[in-house]
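Below: one structure, written as structure tokens.
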Amino acid sequence: MPELPEVETARRLIADEALHRRIADVDDSDTFVCRPHAPGELRAALTGRTLTAARRRGKTMWCETSEGGPDLGIHLGMGGRIVVTSADGQVAEGGGPRRRDAQPRKPEWDRFTLGFADGGSLVLFDKRRLGRVRLDPGIDALGPDAAEVTPAEFGRLITRGSVAVKARLLDQSRIAGVGNLLADEILWQARVHPGARTGTLRPADADRLYRALESALASAMTRGGVHTGDVIAARHPGGTCPRCGAEMRHGTVGGRSTWWCSREQAPPDR
DNA sequence: AACAATGTTCAGTC
DNA sequence: GGACTGAACATTGT
């Protein structure tokens, strides 16, 4: 699930609940999640320190650490969540869909753990194991955060080149934070065909896409996740457009499963 | 059992 | 070198 809104929720959770608590132990034994670090490397670097700030760019988070320690980078991957337990055992989650009943949490799905001296912990919980933890993650390769990109920058980024517009929205080096569901929602809101080539977009298209980006992000934050998007519920065989009722189409664009309205998001003429 | 899944990365081609 | 494509990655759910 994690796209920008979920990652921001997880970041806030860390900022609110996990800072300034002394790290007493670190479980970094999952060598895939912690690659390229060897087991024990993160423990050695973090034990005794505290997290002092939680930051985010796109879907990448990192925590600054005390005494000039390294940054702790965390990526939620395809389905990771952050679970913070307080000193008195209260559990708080961030990064997954907001829901009343907590999902089952098998201990073996805890992929990385900071144990605090107060008895609580911060856990990267991730069934699919595609999440990632690393020291000093470089964020230079990421484009501007999707929540902060200016209309002018966005217009440039979304019209340059000739790739399918959805592939461009998903390109983290251009705009950081948009994932597969958010991309479908943005394109649907803006009534742009996902396969339209970036070079064929007119300024009016770029404007609608920018406004759709803003509103899709705001709505996902308010409602509690990108899965709450208006068109997301129609993303299944037989689904119909929530606006006009026309059949939804399905295909692969930019290597990802893609759904669009057969009437309102007509293929570009060529 | 085969296939798809909300993400990233790397090898390969143009 | 840049732009672009497709497969691989680990695991679960359908």
Side-chain angles (χ1 to χ4, degrees), chain A residues 1-10 29-36 56-62 73-82 94-99 103-112 124-134 137-143 146 156-188 194-199 216-217 219-221 223-237 239 250-259:
Chain A
M1 337 315 240
E3 301 188 25
L4 188 153
E6 286 83 2
V7 179
E8 175 58 16
T9 303
S29 55
D30 190 316
T31 54
F32 183 76
V33 167
C34 297
R35 74 192 181 284
R56 179 190 64 74
R57 177 138 156 208
K59 304 173 201 168
T60 296
M61 287 185 280
W62 67 96
I74 303 177
H75 196 293
L76 299 179
M78 198 86 113
R81 306 195 310 250
I82 296 295
R98 185 189 297 160
R99 43 183 303 168
Q103 289 194 346
R105 276 193 54 215
K106 294 193 189 170
E108 60 264 36
W109 291 336
D110 286 359
R111 307 297 183 181
F112 175 81
L124 169 63
F125 171 83
D126 181 15
K127 283 189 200 186
R128 290 199 163 64
R129 213 181 169 205
L130 285 172
R132 190 163 187 183
V133 177
R134 62 193 312 186
I139 57 162
D140 298 345
L142 295 175
R156 233 177 296 126
L157 289 164
I158 209 67
T159 53
R160 187 165 296 177
S162 63
V163 74
V165 59
K166 175 164 177 182
R168 177 57 51 82
L169 283 171
L170 293 174
D171 183 346
Q172 304 299 300
S173 72
R174 310 301 185 113
I175 302 160
V178 177
N180 200 31
L181 296 187
L182 217 36
D184 275 8
E185 177 73 18
I186 291 165
L187 290 162
W188 175 78
R197 300 281 139 177
T198 47
L217 281 174
S219 157
M221 287 301 306
R223 298 187 198 168
V226 294
H227 63 290
T228 63
D230 290 331
V231 84
I232 303 307
R235 259 176 129 267
H236 61 82
H250 179 241
T252 298
V253 181
R256 313 296 299 186
S257 176
T258 302
W259 296 81

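Note on naming: letters A, B, ... go to the chains in the order of the sequence lines (proteins, then strands), and numbering restarts at 1 for each one. Predicted model, so just to flag it, every value in this text is computed and none were measured.
When all heavy atoms of A:Arg134 and A:Arg35 are compared, the closest pair comes out as CB-O, 4.3 Å. For the residue pair A:Gly80 and A:Pro2, the shortest heavy atom distance occurs at O-CG, 3.5 Å. Between A:Asp184 and A:Val231 the shortest heavy-atom distance is O-CG1, 4.1 Å.
For the pair A:His250 and A:Arg35, nearest-nucleotide mapping onto DNA chain B gives the more 5' position to A:His250.
Using a 4.0 Å heavy-atom criterion, one finds that A:Gly255 contacts no nucleic acid atom at all. At the heavy-atom level, A:Arg160 lies nowhere under 4.0 Å from the strands shown.
Between the base of B:dG7 and the side chain of A:Arg256 there is a donor-acceptor pair shorter than 3.5 Å.
Regarding contacts with the backbone of B:dG7, every side-chain N or O of A:His75 stays at 4.0 angstrom or more from both OP1 and OP2. Contact check, A:Ser162 against C:dC4: a side-chain N or O comes under 4.0 Å of OP1 or OP2. Proximity of A:Ser257 to the phosphate of B:dA4: no side-chain N or O atom is located under 4.0 Å from OP1 or OP2.
C:dA10 and B:dA11 have their P atoms separated by 15 Å, with the value rounded to a whole Å.
Distance CZ (A:Arg168) to P (C:dT5): 10 Å, rounded to an integer number of Å. B:dA5 atom P lies 8 Å from atom CG of A:Asn180, rounded to whole Å. Rounded to a whole Å, the CG atom of A:Asp184 is 13 Å from the C1' atom of B:dA5. Nucleotide B:dT8 holds its P atom 14 Å from the CD1 atom of A:Ile175, rounded to whole Å. Atom NE2 of A:His227 and atom P of B:dA5 are 18 Å apart (whole Å). Distance A:Leu142 CG to B:dG7 C1': 12 Å, rounded to the nearest Å. Taking atom CG of A:Asp171 as the reference point, atom P of B:dT9 lies 11 Å away to the nearest angstrom. Taking atom CD of residue A:Gln172 and atom C1' of nucleotide B:dC10, one finds them 16 Å apart after rounding to whole Å.
If you run side-chain hydrogen bond (donor to acceptor under 3.5 Å, both in side chains) between A:Lys166 and each of A:Thr198, A:Thr258, A:Asp171, only A:Thr258 comes through.
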Q: Might you work through the side chain to side chain contact (heavy atoms under 4.5 Å, CB included) test for A:Leu181 and A:Arg235, ending with a clear yes or no?
A: CA-CA 9 Å; A:Leu181 296 187; A:Arg235 259 176 129 267; 3.5 Å; yes
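Other residues, nucleotides and ligands place no more than 12 heavy atoms under 6.0 Å from the CZ atom of A:Arg160.
In terms of modelled atom types and a separation under 3.5 Å, the side chain of A:Ser219 and the main chain of A:Ala216 share no donor-acceptor contact. A donor-acceptor pair under 3.5 Å is absent between the side-chain atoms of A:Arg56 and the main chain of A:Val7, judged by distance alone. Checking side-chain atoms of A:Arg174 against main-chain N and O of A:Gly143 turns up no donor-acceptor pair under 3.5 Å.
To the nearest 0.5 angstrom, A:Trp62 atom CH2 is 12.0 Å from A:Ile74 atom CD1. Taken from CD1 in A:Ile82 to CZ in A:Phe112, the straight-line distance is 9.5 Å, to the nearest 0.5 Å.
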Taking N or O atoms only and anything under 3.5 Å, show me the protein contacts with nucleotides 10-14 of chain C, one pair per line.
from	atom 1	to	atom 2	distance (Å)
C:dA10	O3'	A:Arg129	NH1	2.7
C:dA10	N3	A:Arg128	O	3.2
C:dT11	OP1	A:Arg129	NE	3.3
C:dT11	OP1	A:Arg129	NH1	2.2
C:dT12	OP1	A:Trp109	NE1	3.1
C:dT12	O2	A:Arg128	NH2	3.1
C:dG13	OP1	A:Lys127	NZ	2.9

Are there any protein N/O atoms within less than 3.5 Å of an N/O atom in nucleotides 11-14 of chain B, and if so, which ones and at what distance?
none

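Taking the side chain as every heavy atom from C-beta outward, A:Val226 and A:Glu185 never approach each other to under 4.5 Å.
Where pairing requires Watson-Crick or G-U contacts shorter than 3.5 Å, the helical stems of DNA chain B with at least three consecutive pairs are B:2-5 with C:11-14, B:7-14 with C:2-9.
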